[in-house]
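Here the structure is a predicted model, which is why all the values come from computation and not from measurement. When a ligand or atom number is given, it counts from 1 through the structure's own listing order. What's counted below: heavy atoms across the whole structure, side chains too, no hydrogens, waters or symmetry copies.
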Amino acid sequence: MDVIQQLNAHGFTALLVGGCIRDALCGMQPKDFDVATDAPLDEVKRIFRRSRIVGRRFPIAHVRYGRNLIEVSTFRQSVSENIEHDAQGMILRDKAYGTLQEDAFRRDFSINALYFDPNNNEIIDYVGGLEDLAAGEVKLIGDPTVRLAEDPVRILRAVRFANKLGFSLDPRIIELFEDSARRLTAIPPARLFDEFLKMFLTGYGENIWQHIRHTGIARVLFPTCNPNSHLISAAMRNTDERIKNGLSVTPGFLVAVLLWEDFRARSAEQRLNDEDPAFATLRNQQQTIAIPRRFGSFAKETWMTQDRLIKRNPRTISRLIQHKRFRAGFDFLCLRAKSETDLAESAQWWTTFQEQDEATQQSMIAALPKPQRKRRRRSKRRSPE
Ligand code: ATP
Ligand code: MG
(Lines give C-alpha, C1' and ligand atoms only; values in the text may rest on other atoms or scores of the structure.)
(Ligands and ions follow the chains in the order given, each with its own letter.)
Protein backbone atom coordinates (compact mmCIF):
# COMPACT_ATOMS: atom_id res chain seq x y z
CA MET A 1 0.00 0.00 0.00
CA ASP A 2 2.85 2.38 0.82
CA VAL A 3 4.52 1.69 -2.50
CA ILE A 4 1.26 2.38 -4.31
CA GLN A 5 0.60 5.55 -2.34
CA GLN A 6 4.05 6.89 -3.06
CA LEU A 7 3.59 6.30 -6.77
CA ASN A 8 0.20 8.02 -6.54
CA ALA A 9 1.78 10.96 -4.73
CA HIS A 10 4.09 11.42 -7.71
CA GLY A 11 1.09 11.52 -10.03
CA PHE A 12 1.18 7.92 -11.26
CA THR A 13 -1.45 5.20 -11.34
CA ALA A 14 -0.51 2.04 -9.46
CA LEU A 15 -2.41 -1.19 -8.79
CA LEU A 16 -1.85 -4.55 -7.21
CA VAL A 17 -1.75 -7.33 -9.77
CA GLY A 18 -1.03 -11.00 -10.28
CA GLY A 19 -0.53 -13.76 -7.77
CA CYS A 20 -1.51 -11.74 -4.70
CA ILE A 21 -4.99 -10.97 -6.07
CA ARG A 22 -5.44 -14.49 -7.41
CA ASP A 23 -4.39 -16.13 -4.16
CA ALA A 24 -6.36 -13.75 -1.94
CA LEU A 25 -9.52 -14.39 -3.97
CA CYS A 26 -8.93 -18.12 -3.51
CA GLY A 27 -8.67 -17.64 0.23
CA MET A 28 -4.92 -18.20 0.31
CA GLN A 29 -2.29 -16.06 1.94
CA PRO A 30 -0.46 -14.15 -0.83
CA LYS A 31 3.25 -14.88 -0.67
CA ASP A 32 4.38 -11.64 -2.29
CA PHE A 33 2.95 -8.53 -3.90
CA ASP A 34 3.33 -7.30 -7.45
CA VAL A 35 2.48 -3.75 -8.49
CA ALA A 36 1.68 -2.49 -12.00
CA THR A 37 2.02 1.20 -12.78
CA ASP A 38 2.11 3.74 -15.59
CA ALA A 39 5.35 5.14 -14.16
CA PRO A 40 8.35 4.34 -16.37
CA LEU A 41 10.94 2.19 -14.61
CA ASP A 42 13.54 4.93 -14.31
CA GLU A 43 10.91 7.03 -12.50
CA VAL A 44 10.20 4.12 -10.17
CA LYS A 45 13.89 3.85 -9.49
CA ARG A 46 14.08 7.59 -8.74
CA ILE A 47 11.09 7.48 -6.36
CA PHE A 48 12.31 4.51 -4.31
CA ARG A 49 15.82 4.78 -3.01
CA ARG A 50 16.00 1.07 -2.21
CA SER A 51 15.16 -0.19 -5.67
CA ARG A 52 16.88 -1.58 -8.70
CA ILE A 53 15.93 -2.61 -12.17
CA VAL A 54 16.27 -6.32 -12.94
CA GLY A 55 15.52 -8.62 -15.88
CA ARG A 56 16.74 -8.47 -19.41
CA ARG A 57 13.72 -9.77 -21.29
CA PHE A 58 11.06 -8.20 -19.09
CA PRO A 59 12.70 -5.49 -17.04
CA ILE A 60 10.94 -4.71 -13.73
CA ALA A 61 11.89 -2.79 -10.60
CA HIS A 62 12.60 -4.56 -7.33
CA VAL A 63 11.56 -2.22 -4.54
CA ARG A 64 12.73 -3.14 -1.04
CA TYR A 65 10.25 -2.25 1.61
CA GLY A 66 11.25 -3.23 5.11
CA ARG A 67 11.82 -6.96 4.82
CA ASN A 68 9.64 -7.23 1.74
CA LEU A 69 10.46 -7.15 -1.91
CA ILE A 70 7.79 -5.60 -4.11
CA GLU A 71 8.03 -6.22 -7.84
CA VAL A 72 6.94 -3.14 -9.75
CA SER A 73 6.36 -3.35 -13.48
CA THR A 74 5.37 -0.69 -15.94
CA PHE A 75 2.25 -1.34 -18.07
CA ARG A 76 3.30 -3.16 -21.23
CA GLN A 77 1.98 -2.78 -24.71
CA SER A 78 0.05 -5.76 -26.04
CA VAL A 79 0.91 -5.66 -29.71
CA SER A 80 4.01 -3.91 -30.71
CA GLU A 81 6.83 -3.86 -33.17
CA ASN A 82 8.95 -3.21 -30.11
CA ILE A 83 8.59 -6.80 -28.96
CA GLU A 84 11.52 -8.80 -30.31
CA HIS A 85 10.83 -12.44 -31.26
CA ASP A 86 13.11 -15.19 -32.45
CA ALA A 87 12.30 -17.46 -35.40
CA GLN A 88 10.26 -19.79 -33.13
CA GLY A 89 8.07 -16.94 -31.90
CA MET A 90 9.81 -16.72 -28.55
CA ILE A 91 9.93 -13.24 -27.04
CA LEU A 92 13.47 -12.01 -26.64
CA ARG A 93 12.70 -8.55 -25.34
CA ASP A 94 9.57 -6.65 -24.42
CA LYS A 95 10.13 -3.12 -23.24
CA ALA A 96 7.33 -1.18 -24.91
CA TYR A 97 5.13 0.65 -22.44
CA GLY A 98 1.35 0.65 -22.85
CA THR A 99 -1.94 1.24 -21.06
CA LEU A 100 -3.47 -0.71 -18.18
CA GLN A 101 -5.78 -2.55 -20.57
CA GLU A 102 -2.90 -3.45 -22.89
CA ASP A 103 -0.93 -4.62 -19.91
CA ALA A 104 -3.70 -7.04 -18.95
CA PHE A 105 -3.49 -8.79 -22.32
CA ARG A 106 0.28 -9.25 -22.06
CA ARG A 107 -0.06 -11.30 -18.88
CA ASP A 108 0.01 -15.07 -19.05
CA PHE A 109 -3.20 -16.50 -17.54
CA SER A 110 -6.57 -14.82 -17.08
CA ILE A 111 -6.44 -15.56 -13.34
CA ASN A 112 -3.10 -13.70 -13.19
CA ALA A 113 -4.39 -10.60 -14.94
CA LEU A 114 -6.65 -9.27 -12.20
CA TYR A 115 -5.83 -5.84 -10.80
CA PHE A 116 -6.88 -4.35 -7.50
CA ASP A 117 -7.17 -0.62 -7.12
CA PRO A 118 -6.86 0.16 -3.42
CA ASN A 119 -8.09 3.72 -3.92
CA ASN A 120 -11.63 2.54 -4.59
CA ASN A 121 -11.39 -1.12 -3.51
CA GLU A 122 -12.14 -2.25 -7.01
CA ILE A 123 -11.08 -5.35 -8.93
CA ILE A 124 -10.38 -4.68 -12.59
CA ASP A 125 -10.81 -7.60 -14.97
CA TYR A 126 -10.37 -7.19 -18.74
CA VAL A 127 -9.84 -10.84 -19.58
CA GLY A 128 -12.53 -12.87 -17.81
CA GLY A 129 -10.18 -13.78 -14.97
CA LEU A 130 -12.91 -13.68 -12.31
CA GLU A 131 -15.02 -16.10 -14.29
CA ASP A 132 -12.12 -18.54 -14.74
CA LEU A 133 -11.26 -18.21 -11.08
CA ALA A 134 -14.83 -19.13 -10.13
CA ALA A 135 -14.80 -22.03 -12.61
CA GLY A 136 -11.39 -23.17 -11.33
CA GLU A 137 -9.67 -23.14 -14.68
CA VAL A 138 -6.18 -22.12 -15.76
CA LYS A 139 -6.52 -20.47 -19.18
CA LEU A 140 -4.02 -18.55 -21.20
CA ILE A 141 -5.03 -15.15 -22.46
CA GLY A 142 -5.30 -15.30 -26.26
CA ASP A 143 -4.15 -18.12 -28.51
CA PRO A 144 -2.44 -20.84 -26.44
CA THR A 145 -0.15 -21.86 -29.32
CA VAL A 146 1.16 -18.32 -29.71
CA ARG A 147 1.40 -17.62 -25.99
CA LEU A 148 3.30 -20.83 -25.22
CA ALA A 149 5.67 -20.26 -28.12
CA GLU A 150 6.32 -16.71 -26.87
CA ASP A 151 7.46 -18.08 -23.54
CA PRO A 152 7.55 -21.87 -23.03
CA VAL A 153 8.07 -21.43 -19.27
CA ARG A 154 4.36 -20.66 -19.20
CA ILE A 155 3.70 -24.41 -19.50
CA LEU A 156 5.51 -24.91 -16.18
CA ARG A 157 3.62 -22.03 -14.63
CA ALA A 158 0.33 -23.51 -15.89
CA VAL A 159 1.06 -26.83 -14.20
CA ARG A 160 2.19 -25.10 -11.03
CA PHE A 161 -0.89 -22.89 -10.66
CA ALA A 162 -3.27 -25.73 -11.50
CA ASN A 163 -1.78 -27.89 -8.74
CA LYS A 164 -1.42 -25.11 -6.22
CA LEU A 165 -5.01 -23.95 -6.60
CA GLY A 166 -6.54 -27.34 -7.40
CA PHE A 167 -7.70 -25.97 -10.78
CA SER A 168 -8.05 -27.77 -14.08
CA LEU A 169 -5.98 -26.92 -17.12
CA ASP A 170 -7.62 -25.69 -20.29
CA PRO A 171 -7.53 -28.74 -22.65
CA ARG A 172 -5.85 -26.54 -25.26
CA ILE A 173 -2.91 -26.17 -22.87
CA ILE A 174 -2.75 -29.93 -22.27
CA GLU A 175 -2.61 -30.50 -26.04
CA LEU A 176 0.48 -28.33 -26.19
CA PHE A 177 2.40 -30.12 -23.42
CA GLU A 178 4.81 -31.96 -25.70
CA ASP A 179 5.35 -29.07 -28.07
CA SER A 180 6.05 -26.67 -25.21
CA ALA A 181 8.30 -29.20 -23.49
CA ARG A 182 10.55 -29.32 -26.55
CA ARG A 183 10.72 -25.54 -26.57
CA LEU A 184 11.95 -25.51 -22.97
CA THR A 185 15.39 -26.52 -24.24
CA ALA A 186 15.77 -22.92 -25.45
CA ILE A 187 15.30 -21.49 -21.93
CA PRO A 188 18.42 -20.44 -20.02
CA PRO A 189 19.22 -23.04 -17.33
CA ALA A 190 19.37 -20.35 -14.64
CA ARG A 191 15.75 -19.41 -15.28
CA LEU A 192 14.73 -23.06 -15.16
CA PHE A 193 16.41 -23.40 -11.78
CA ASP A 194 14.23 -20.56 -10.44
CA GLU A 195 11.19 -22.27 -11.86
CA PHE A 196 12.36 -25.62 -10.43
CA LEU A 197 12.36 -24.03 -6.95
CA LYS A 198 8.85 -22.65 -7.40
CA MET A 199 7.57 -25.99 -8.67
CA PHE A 200 9.10 -28.28 -6.07
CA LEU A 201 9.90 -26.22 -3.00
CA THR A 202 6.70 -24.34 -2.31
CA GLY A 203 4.54 -27.16 -0.97
CA TYR A 204 2.89 -28.64 -4.08
CA GLY A 205 5.78 -30.63 -5.47
CA GLU A 206 4.28 -34.07 -5.22
CA ASN A 207 1.19 -33.27 -7.26
CA ILE A 208 3.25 -31.38 -9.81
CA TRP A 209 5.62 -34.34 -10.14
CA GLN A 210 2.70 -36.75 -10.61
CA HIS A 211 1.33 -34.42 -13.24
CA ILE A 212 4.50 -34.16 -15.32
CA ARG A 213 6.49 -37.32 -14.68
CA HIS A 214 5.23 -39.20 -17.74
CA THR A 215 5.36 -36.17 -20.04
CA GLY A 216 8.01 -34.52 -22.15
CA ILE A 217 8.23 -31.81 -19.50
CA ALA A 218 9.91 -34.18 -17.05
CA ARG A 219 12.03 -35.70 -19.81
CA VAL A 220 13.36 -32.28 -20.77
CA LEU A 221 13.81 -30.95 -17.24
CA PHE A 222 15.24 -34.14 -15.73
CA PRO A 223 16.52 -36.27 -18.60
CA THR A 224 17.85 -39.06 -16.37
CA CYS A 225 14.93 -39.41 -13.94
CA ASN A 226 12.92 -42.57 -13.77
CA PRO A 227 9.25 -41.50 -13.90
CA ASN A 228 8.30 -44.49 -11.73
CA SER A 229 10.87 -43.86 -9.02
CA HIS A 230 9.37 -44.45 -5.58
CA LEU A 231 12.19 -42.49 -4.03
CA ILE A 232 11.29 -39.34 -5.98
CA SER A 233 7.59 -39.54 -5.13
CA ALA A 234 8.36 -40.19 -1.47
CA ALA A 235 10.82 -37.29 -1.31
CA MET A 236 8.37 -34.90 -2.96
CA ARG A 237 5.68 -35.87 -0.45
CA ASN A 238 8.12 -35.49 2.40
CA THR A 239 9.25 -32.06 1.20
CA ASP A 240 5.65 -30.82 0.91
CA GLU A 241 4.94 -32.05 4.42
CA ARG A 242 8.01 -30.33 5.83
CA ILE A 243 6.95 -27.06 4.21
CA LYS A 244 3.44 -27.40 5.62
CA ASN A 245 4.93 -27.96 9.08
CA GLY A 246 7.24 -24.97 8.79
CA LEU A 247 10.40 -27.09 8.68
CA SER A 248 13.38 -26.12 6.57
CA VAL A 249 13.90 -27.59 3.11
CA THR A 250 16.86 -27.38 0.80
CA PRO A 251 16.99 -27.76 -2.97
CA GLY A 252 20.17 -29.80 -2.46
CA PHE A 253 18.19 -32.69 -1.01
CA LEU A 254 15.81 -32.85 -3.98
CA VAL A 255 18.76 -32.62 -6.35
CA ALA A 256 20.26 -35.62 -4.54
CA VAL A 257 16.98 -37.52 -4.90
CA LEU A 258 16.32 -36.65 -8.53
CA LEU A 259 19.83 -37.56 -9.70
CA TRP A 260 20.39 -40.57 -7.45
CA GLU A 261 19.67 -43.26 -10.03
CA ASP A 262 21.89 -41.58 -12.57
CA PHE A 263 24.67 -41.24 -10.01
CA ARG A 264 24.41 -44.92 -9.11
CA ALA A 265 24.47 -45.98 -12.72
CA ARG A 266 27.53 -43.86 -13.40
CA SER A 267 29.27 -45.14 -10.26
CA ALA A 268 28.69 -48.73 -11.33
CA GLU A 269 30.08 -48.06 -14.77
CA GLN A 270 33.02 -46.13 -13.51
CA ARG A 271 36.27 -47.41 -14.83
CA LEU A 272 39.73 -46.44 -13.83
CA ASN A 273 40.57 -42.89 -14.88
CA ASP A 274 36.95 -42.04 -15.61
CA GLU A 275 35.76 -38.75 -14.23
CA ASP A 276 34.14 -38.56 -10.82
CA PRO A 277 30.59 -39.99 -11.23
CA ALA A 278 29.05 -37.33 -8.96
CA PHE A 279 30.62 -34.59 -11.02
CA ALA A 280 29.51 -36.18 -14.28
CA THR A 281 25.95 -36.62 -12.99
CA LEU A 282 25.67 -32.99 -11.94
CA ARG A 283 27.29 -31.67 -15.09
CA ASN A 284 24.83 -33.57 -17.24
CA GLN A 285 21.86 -32.06 -15.37
CA GLN A 286 23.32 -28.55 -15.63
CA GLN A 287 22.59 -28.58 -19.35
CA THR A 288 18.92 -27.91 -18.60
CA ILE A 289 18.78 -26.70 -15.01
CA ALA A 290 21.63 -24.65 -13.57
CA ILE A 291 22.15 -26.04 -10.08
CA PRO A 292 24.15 -23.61 -7.96
CA ARG A 293 27.38 -25.15 -6.74
CA ARG A 294 26.39 -25.32 -3.08
CA PHE A 295 23.36 -27.47 -3.88
CA GLY A 296 25.40 -29.72 -6.13
CA SER A 297 27.90 -30.20 -3.29
CA PHE A 298 25.07 -30.90 -0.89
CA ALA A 299 23.79 -33.66 -3.18
CA LYS A 300 27.23 -35.16 -3.60
CA GLU A 301 27.94 -35.13 0.13
CA THR A 302 24.58 -36.76 0.81
CA TRP A 303 25.32 -39.53 -1.70
CA MET A 304 28.70 -40.12 -0.07
CA THR A 305 27.12 -40.86 3.32
CA GLN A 306 24.99 -43.72 2.01
CA ASP A 307 27.49 -46.56 2.00
CA ARG A 308 28.90 -45.52 5.33
CA LEU A 309 25.46 -45.37 6.93
CA ILE A 310 24.64 -48.82 5.62
CA LYS A 311 27.96 -50.44 6.56
CA ARG A 312 28.18 -48.89 10.04
CA ASN A 313 31.82 -49.41 10.78
CA PRO A 314 31.97 -49.24 14.62
CA ARG A 315 35.29 -47.46 14.54
CA THR A 316 34.07 -44.54 12.44
CA ILE A 317 30.49 -44.11 13.64
CA SER A 318 31.28 -41.23 15.96
CA ARG A 319 32.89 -39.39 13.06
CA LEU A 320 29.97 -40.15 10.81
CA ILE A 321 27.54 -38.58 13.28
CA GLN A 322 29.59 -35.39 13.15
CA HIS A 323 29.50 -35.36 9.35
CA LYS A 324 27.78 -32.21 8.09
CA ARG A 325 25.48 -34.30 5.89
CA PHE A 326 24.70 -36.92 8.50
CA ARG A 327 21.15 -35.66 8.96
CA ALA A 328 20.46 -35.37 5.23
CA GLY A 329 22.10 -38.72 4.62
CA PHE A 330 19.98 -40.37 7.30
CA ASP A 331 16.77 -38.85 5.90
CA PHE A 332 17.84 -40.00 2.46
CA LEU A 333 18.45 -43.54 3.71
CA CYS A 334 15.02 -43.64 5.38
CA LEU A 335 13.33 -42.57 2.15
CA ARG A 336 15.25 -45.18 0.19
CA ALA A 337 14.32 -47.82 2.75
CA LYS A 338 10.64 -47.34 1.96
CA SER A 339 11.15 -49.03 -1.40
CA GLU A 340 14.48 -50.85 -0.98
CA THR A 341 13.59 -53.44 1.65
CA ASP A 342 17.19 -54.53 2.25
CA LEU A 343 17.85 -51.07 3.70
CA ALA A 344 15.11 -51.27 6.30
CA GLU A 345 17.39 -52.79 8.94
CA SER A 346 20.05 -50.08 8.75
CA ALA A 347 17.47 -47.27 8.58
CA GLN A 348 15.78 -48.70 11.67
CA TRP A 349 19.12 -49.09 13.45
CA TRP A 350 19.94 -45.41 12.91
CA THR A 351 16.47 -44.32 13.96
CA THR A 352 16.76 -46.26 17.22
CA PHE A 353 20.36 -45.20 17.73
CA GLN A 354 19.49 -41.51 17.70
CA GLU A 355 16.79 -41.97 20.33
CA GLN A 356 19.17 -43.53 22.87
CA ASP A 357 21.31 -42.04 25.63
CA GLU A 358 25.03 -42.18 25.19
CA ALA A 359 25.65 -45.36 27.17
CA THR A 360 23.06 -47.27 25.16
CA GLN A 361 24.52 -45.87 21.97
CA GLN A 362 27.93 -47.21 22.98
CA SER A 363 26.51 -50.66 23.54
CA MET A 364 24.71 -50.55 20.21
CA ILE A 365 28.01 -49.75 18.55
CA ALA A 366 29.76 -52.53 20.46
CA ALA A 367 27.14 -55.01 19.32
CA LEU A 368 27.76 -54.27 15.65
CA PRO A 369 29.62 -56.91 13.72
CA LYS A 370 33.23 -55.95 13.29
CA PRO A 371 34.04 -55.12 9.72
CA GLN A 372 36.14 -57.71 8.03
CA ARG A 373 39.65 -56.38 8.05
CA LYS A 374 41.45 -56.66 4.81
CA ARG A 375 44.22 -58.98 5.78
CA ARG A 376 47.54 -57.48 5.05
CA ARG A 377 49.56 -60.34 3.89
CA ARG A 378 53.15 -59.99 4.68
CA SER A 379 54.15 -62.91 2.63
CA LYS A 380 57.81 -63.35 2.41
CA ARG A 381 59.12 -62.40 -0.91
CA ARG A 382 60.16 -65.48 -2.55
CA SER A 383 63.62 -65.41 -3.68
CA PRO A 384 64.11 -66.08 -7.33
CA GLU A 385 65.96 -69.25 -6.62
P1 ATP B 1 3.63 -16.50 -7.57
O2 ATP B 1 4.30 -15.22 -7.16
O3 ATP B 1 2.70 -17.08 -6.58
O4 ATP B 1 4.55 -17.47 -8.17
P5 ATP B 1 2.55 -14.81 -9.60
O6 ATP B 1 1.38 -14.99 -10.51
O7 ATP B 1 2.55 -13.60 -8.74
O8 ATP B 1 2.63 -16.13 -8.76
P9 ATP B 1 5.04 -13.86 -10.62
O10 ATP B 1 6.12 -14.62 -11.28
O11 ATP B 1 5.29 -13.17 -9.34
O12 ATP B 1 3.84 -14.88 -10.47
O13 ATP B 1 4.53 -12.82 -11.70
C14 ATP B 1 3.64 -11.76 -11.39
C15 ATP B 1 2.67 -11.55 -12.53
O16 ATP B 1 3.40 -11.20 -13.71
C17 ATP B 1 1.87 -12.78 -12.93
O18 ATP B 1 0.73 -12.94 -12.14
C19 ATP B 1 1.55 -12.49 -14.37
O20 ATP B 1 0.48 -11.57 -14.45
C21 ATP B 1 2.81 -11.79 -14.86
N22 ATP B 1 3.75 -12.77 -15.42
C23 ATP B 1 4.73 -13.44 -14.77
N24 ATP B 1 5.42 -14.26 -15.56
C25 ATP B 1 4.87 -14.12 -16.79
C26 ATP B 1 5.14 -14.70 -18.05
N27 ATP B 1 6.11 -15.60 -18.21
N28 ATP B 1 4.37 -14.30 -19.09
C29 ATP B 1 3.40 -13.38 -18.93
N30 ATP B 1 3.10 -12.81 -17.77
C31 ATP B 1 3.80 -13.16 -16.70
MG1 MG C 1 4.16 -12.88 -7.53
Checklist entry - Hey, what do you get for SG (Cys20) to CD1 (Ile70), rounding to the nearest 0.5 Å? => result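 Here the interatomic distance stands at 9.0 Å.
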Side chain to side chain, [X] and [Y], heavy atoms closer than 4.5 Å:
X      : Y      : value
Trp260 : Thr281 : no
Arg312 : Ile317 : yes
Thr202 : Ile243 : no

Proximal atoms of ligand 1 relative to [X] (non-hydrogen, under 4.0 Å):
X      : answer
Phe161 : 6 (O), 8 (O)
Gly18  : 18 (O)
Gly19  : 5 (P), 6 (O), 7 (O), 18 (O)
Lys198 : 10 (O)

Checklist entry - Tell me, which N, O or S atom in Asp34 is closest to the Mg ion (ligand 2)? => result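 Per the distance ranking, Asp34 contributes OD2 as its closest N/O/S atom to the Mg ion (ligand 2).
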Next on the checklist: Quick check: of its N, O or S atoms, which one does Asp32 have closest to the Mg ion (ligand 2)?
Outcome noted: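 In Asp32, the heteroatom (N, O or S) nearest the Mg ion (ligand 2) is OD1.
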Checklist entry - Purely on distance, is any nitrogen or oxygen of Ala113 under 3.5 Å from one on ligand 1? => result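 No; every N/O pair is 3.5 Å or more apart.
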[X] and ligand 1 - part of the residue with a heavy-atom distance under 4.0 Å:
X      : result
Lys164 : side chain
Asn112 : both
Asp32  : side chain
Arg191 : side chain

Checklist entry - So is Phe109 close enough to ligand 1, meaning a heavy atom under 4.0 angstrom away? => result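 In this structure, Phe109 fails to qualify as a contact of ligand 1 - no heavy atom is under 4.0 Å.
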Item to check | Candidate with minimal heavy-atom separation from atom 16 (O) of ligand 1, of Arg107, Glu195, Arg160 | outcome: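 Closest candidate by heavy-atom distance is Arg107.
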Item to check | Residue selection (non-hydrogen contact nearest atom 17 (C) of ligand 1) among Arg106, Glu150, Arg157 | outcome: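 Comparing heavy atoms across Arg106, Glu150, Arg157, the nearest one to atom 17 (C) of ligand 1 lies in Arg157.
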Item to check | Minimum heavy-atom distance Thr250-Leu201, with the two atoms named | outcome: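 Closest approach of Thr250 to Leu201, heavy atoms only: C-CD2, 3.9 Å.
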Checklist entry - Closest approach of Ile208 and Phe200, non-hydrogen atoms and distance? => result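 So the minimum-distance heavy-atom pair works out to CG2-CE2, 3.9 Å.
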So which protein heavy atom does [atom] come closest to, and at what separation?
atom                    : value
atom 27 (N) of ligand 1 : Asp151 OD2, 2.8 Å
atom 3 (O) of ligand 1  : Arg22 NH2, 3.1 Å
atom 1 (P) of ligand 1  : Lys31 NZ, 3.5 Å
atom 25 (C) of ligand 1 : Asp108 OD2, 3.6 Å
atom 11 (O) of ligand 1 : Asp34 OD2, 3.4 Å

Can we say [X] and [Y] salt-bridge, meaning some charged N sits less than 4.0 Å from an Asp/Glu carboxylate O?
X      : Y      : result
Arg107 : Asp34  : no
Glu340 : Arg264 : yes
Glu178 : Arg219 : yes

Next on the checklist: Are Trp350 and Phe330, when compared by the centres of their aromatic rings, separated by less than 6.0 Å?
Outcome noted: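 Ring-ring flag for Trp350/Phe330: false, centres at least 6.0 Å apart.
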Checklist entry - Should the ring pair Tyr126 and Tyr115 be called parallel, tilted or perpendicular, given that the plane angle runs from 0 to 90° and is split at 30 and 60? => result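 The rings of Tyr126 and Tyr115 stand perpendicular, inter-plane angle above 60°.
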Item to check | Atom CD of Glu355: over 12 foreign heavy atoms under 6.0 Å | outcome: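 Correct, the count exceeds 12.
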